[in-house]
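Structure record follows, encoded as structure tokens.
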Amino acid sequence: MLYLWLIVFSYSFVFSEDISFLSINNKEYSVNDFFARYPKKQWERADSLQKSRVFNDFITRELCVFEAKKLGLHNQPDVAIKIYNRSLQILVNESYESFVANPLITNEELKLARKYAKSEVFVNHILIGHSVSYLASPPKRSSDEALILAQNIINKISNGENFAVLAEKYSDDPSVKQNSGEVGWVSWGSTVPSFQKAAFSLELDKVSMPVLTDFGYHIILVTQTRPSDYSLMEKEKYENLILNISKNSIRNKLRPAAIEYDKKMIDEYSVIFDMNIVNNIYNDYLKTITNNLNQTKSVSLSFLENVSPSVVCLYNNNAIGPKWFYRMHQRGTSRLSSFSSPEDILSLFKTYILQDIAIKKGVSAKI
């Protein structure tokens with residue numbers, strides 16, 4: 001049994017600094033290491049028993065890693081292949097982050113994130129919804145009526161009426177009966193852009209003008225501020241964090257940008273499919289499921305190994321056959337596949353081409 005010297009300072013600690021709280025075999029673990037695996041909000045909502053289980057799970061996983069390395073499991077061919085394939089999948093994700101997501105983030109968003117990410121604010125709000133708000137039961141009022149009501153409530157607050165009382169009376173936030181308008185501590189990057197910009201720019205105990213989001217108009221009140229978990233983070237780590245949390249501002253742009261990027265890559269790498277061959281592969285798939293004793297439409301793509309040698313597509317001036325796609329399938333997943341048409345097979349094959357392009361670009365860019 002691997003002897004592990006384990007020092008735990010406390011799992012009821014307050015996660016407020018980038019400090020070491022745990023040591024295993026002389027390897028130090030920081031708060032950020034912990035929250036990289038278990039989100040901070042999840043930890044804060046947990047009771048003492050749940051926190052104990054989460055913390056023990058973190059330790060157990062690390063112990064397993066040490067034990068696996070001691071046994072040399074990572075050097076066994078089948079395990080090494082799995083690790084390598086997993087690293088390629090991570091590289092695909094990071095490649096899309098670099099070439100699709102990051103260029104969408106404006107310098108202004110990065111500037112605001114650098115300014116505010118080292119703080120958290122305690123937020124209260126009153127939500128005034130309207131008929132097309134993203135609410136389970138939106139009220140029957142127009143957007144203009146919602147704005148007028150929000151402005152009237154602000155006037156009431158300015159005249160000395162209690163914010164919590166007004167929240168309970170007017171707010172369309174479904175949780176208002178439980179929290180009287182308290183949102184709680186908010187970190188930069190955890191809410192929609194317009195809401196966070198207003199909240200973090202407010203003076204303490206001052207009420208905002210109506211702030212429009214997809215949920216309606218918000219009246220925001222900030223009563224406290226405190227340093228965030230990132231306040232003492234090293235500069236390089238902080239810059240990486242800034243980039244990641246700024247992606248909150250471009251979520252609605254990601255899917256269209258990724259679709260456009262994929263089209264560009266298909267053109268750039270001169271990917272041309274022979275649909276006659278794709279149709280033949282679909283027919284082979286139909287024969288496979290007909291012979292499938294389990295009588296299901298989901299099968300392994302191993303049938304591609306037995307498909308007659310053919311050029312499925314041209315990719316970067318290279319001829320690609322069925323076995324290439326099967327190797328790509330093995331690299332990424334071992335799950336069964338089901339197809340309703342030749343277009344489904346074409347879509348999967350394009351995905352594998354795009355993953356391979358992402359890996360090539362990621363390696364070239366030294367991601």
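- Using a distance-only test at 3.5 Å, with no hydrogens or angles considered, no donor-acceptor pair links the side chain of Ser190 to the main chain of Val186.
- Between the side chain of Ser142 and the backbone N or O of Glu145, at least one donor-acceptor pair lies under 3.5 Å.
- Taking all atoms of both residues into account, the shortest heavy-atom contact from Ile220 to Ala198 is CD1-CB, 3.9 Å.
- Judged purely by atom type and a 3.5 angstrom limit, Ser171 uses its side chain to pair as donor or acceptor with the backbone of Leu127.
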(request) Before giving the answer on side-chain contact (heavy atoms from CB on, under 4.5 Å), spell out for Gln355 and Arg331 the whole-Å C-alpha distance, their side-chain angles and the decisive distance to 0.1 Å. (result) CA-CA 11 Å; Gln355 287 178 351; Arg331 175 191 286 179; over 6 Å; no
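- Remark: Lys118 qualifies as a cation-pi partner of Tyr238 under the 6.0 Å distance and 45° angle criteria applied to the six-membered ring.
- Between Ile219 and Phe163, the shortest heavy-atom distance links the atoms O-CZ, 3.6 Å.
- Considering all non-hydrogen atoms of both residues, His130 and Leu212 come closest at NE2-CD1, 4.5 Å.
- Counting heavy atoms from C-beta on, the side chains of Leu110 and Ile105 come closer than 4.5 Å.
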(message) Please determine whether side-chain contact (heavy atoms from CB on, under 4.5 Å) holds for the pair Asp274 and Val311, giving the CA-CA distance in whole Å, both sets of side-chain angles, and the decisive distance to 0.1 Å.
(response) CA-CA 7 Å; Asp274 186 332; Val311 177; over 6 Å; no
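- Using modelled atom types, no side-chain atom of Ser52 and backbone atom of Ser48 make a donor-acceptor pair closer than 3.5 Å.
- The closest donor-acceptor contact from the side chain of Tyr285 to the backbone of Ser341 lies at 3.5 Å or more, if one exists at all.
- Rounding to the nearest 0.5 angstrom, the gap separating the NZ atom in Lys115 from the OG atom in Ser201 is 8.0 Å.
- Side chain of Ser228 to main chain of Tyr230: a donor-acceptor pair is present (N/O by atom type, distance under 3.5 Å, no hydrogens or angles).
- By the 4.5 Å heavy-atom criterion applied to side chains, Ile353 and Asp356 are not counted as neighbours.
- Residue Ser194 comes nearest to Val211 through the heavy atom pair O-CG1, 3.6 Å, listed as atom of the first residue, atom of the second, then distance.
- The CD atom of Glu67 lies 12.5 Å from the OG1 atom of Thr60; values are rounded to the nearest 0.5 Å.
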(message) Before you tell me yes or no, could you show the steps for Leu243 and Glu239 under side-chain contact (heavy atoms from CB on, under 4.5 Å), namely the whole-Å CA-CA distance, both residues' side-chain angles and the distance that decides it to 0.1 Å?
(response) CA-CA 6 Å; Leu243 194 59; Glu239 280 302 309; over 6 Å; no
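- Residues Val207 and Met209 fall into different hydrophobic clusters, defined by Ile, Leu, Val, Met, Phe, Trp and Tyr side chains chained together at heavy-atom separations under 4.5 Å.
- A donor-acceptor pair is defined here as one N or O able to donate and one able to accept, closer than 3.5 Å; such a pair exists between the side chain of Thr288 and the backbone of Asp284.
- When side chains are defined from C-beta on, Phe325 does not count as touching Pro322, because their heavy atoms never get closer than 4.5 Å.
- The 12-atom threshold is exceeded at CG of Asp267, counting heavy atoms of other residues, nucleotides or ligands nearer than 6.0 Å.
- Tested against Val123, the residues Leu202, Val183, Leu221 include a single side chain to side chain contact (heavy atoms under 4.5 Å, CB included) partner, Val183.
- Ring pair His125/His218 is parallel by interplanar angle, where below 30° counts as parallel and above 60° as perpendicular.
- Within the 4.5 Å cutoff, side-chain heavy atoms of Leu241 are placed close to those of Met233.
- More than 12 non-hydrogen atoms from other residues, nucleotides or ligands lie less than 6.0 angstrom from CD of Gln178.
- Ser119 is linked by a side chain to side chain contact (heavy atoms under 4.5 Å, CB included) to Thr225, counting only residues two or more places apart in sequence or in another chain.
- The backbone N or O of Lys27 lies less than 3.5 Å from no partner atom in the side chain of Asn25, so there is not a single donor-acceptor pair.
- There is no path of hydrophobic side-chain contacts, each under 4.5 Å, that joins Ile128 to Val132.
- Side-chain contact between Glu62 and Tyr29 is present, with heavy atoms from C-beta onward closer than 4.5 Å.
- Rounding to the nearest 0.5 angstrom, the gap separating the CD1 atom in Ile83 from the CD atom in Gln76 is 10.0 Å.
- At a threshold of 4.5 Å between side-chain heavy atoms, the hydrophobic network of Ile, Leu, Val, Met, Phe, Trp and Tyr places Val165 and Tyr170 in two separate groups.
- Here Trp43 and Tyr38 keep their ring centres 6.0 angstrom or further from each other.
- Residues Glu305 and Lys323 are not paired through a salt bridge, judged by the lack of any N-O separation under 4.0 Å between the basic side chain and the carboxylate.
- Both Ile266 and Tyr269 belong to a single network of hydrophobic side chains, linked directly or stepwise wherever heavy atoms of I, L, V, M, F, W or Y lie under 4.5 Å apart.
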(request) Show the numbers, then the answer: is there a side-chain contact (heavy atoms from CB on, under 4.5 Å) between Lys361 and Met265? (result) CA-CA 11 Å; Lys361 288 175 67 68; Met265 291 301 101; 3.7 Å; yes
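- A distance of 9.0 Å separates CZ in Phe273 from CD1 in Ile320, rounded to the nearest 0.5 Å.
- The shortest non-hydrogen separation linking Phe215 to Tyr134 is CD2-O, 3.1 Å.
- Tracing side-chain contacts under 4.5 Å through hydrophobic residues (I, L, V, M, F, W, Y), one reaches Ile281 starting from Trp324; they form part of the same cluster.
- With hydrogens and angles disregarded, no donor-acceptor distance shorter than 3.5 Å links the side chain of Ser95 to the backbone of Val92.
- In the displayed structure, Glu268 atom CD is contacted under 6.0 Å by more than 12 heavy atoms of other residues, nucleotides or ligands.
- Side-chain contact check for Met328 versus Phe349: every heavy-atom pair is 4.5 Å or farther apart.
- Interatomic distance, NZ of Lys82 versus CZ of Arg86, reported as 13.5 Å (0.5 Å rounding).
- In the model, Glu168 has a side-chain atom that pairs as donor or acceptor with a side-chain atom of Ser180 under 3.5 Å.
- Remark: the backbone N or O of Asn318 is not paired with any side-chain donor or acceptor of Asn316 at under 3.5 angstrom.
- The aromatic rings of Phe34 and Phe58 are tilted relative to each other, their planes meeting at an angle between 30° and 60°.
- Counting heavy atoms from C-beta on, the side chains of Asp33 and Ser30 come closer than 4.5 Å.
- What you find for Ile242 and Ala117 is that their closest heavy atoms are CD1-CB, 3.8 Å.
- Remark: Asp57 engages Arg61 in a salt bridge, criterion side-chain N to carboxylate O under 4.0 Å.
- Glu182 pairs by the side chain to side chain donor-acceptor pair (under 3.5 Å) definition with nothing, not counting sequence neighbours.
- Going from atom OH of Tyr326 over to atom CG of Leu301 covers 7.5 Å, rounded to the nearest 0.5 Å.
- Legend: ring pair (Phe, Tyr, Trp, His ring centres under 6.0 Å) pairs involving residues 89-111, not counting sequence neighbours, sorted by first then second residue: Tyr96-Tyr261.
- Ion pairing of Glu109 with Lys197 is present here, as a side-chain N (NZ or NE/NH1/NH2) and a carboxylate O approach within less than 4.0 Å.
- Looking at heavy atoms from C-beta onward, Phe122 lies in side-chain contact with Asn124 at the 4.5 angstrom threshold.
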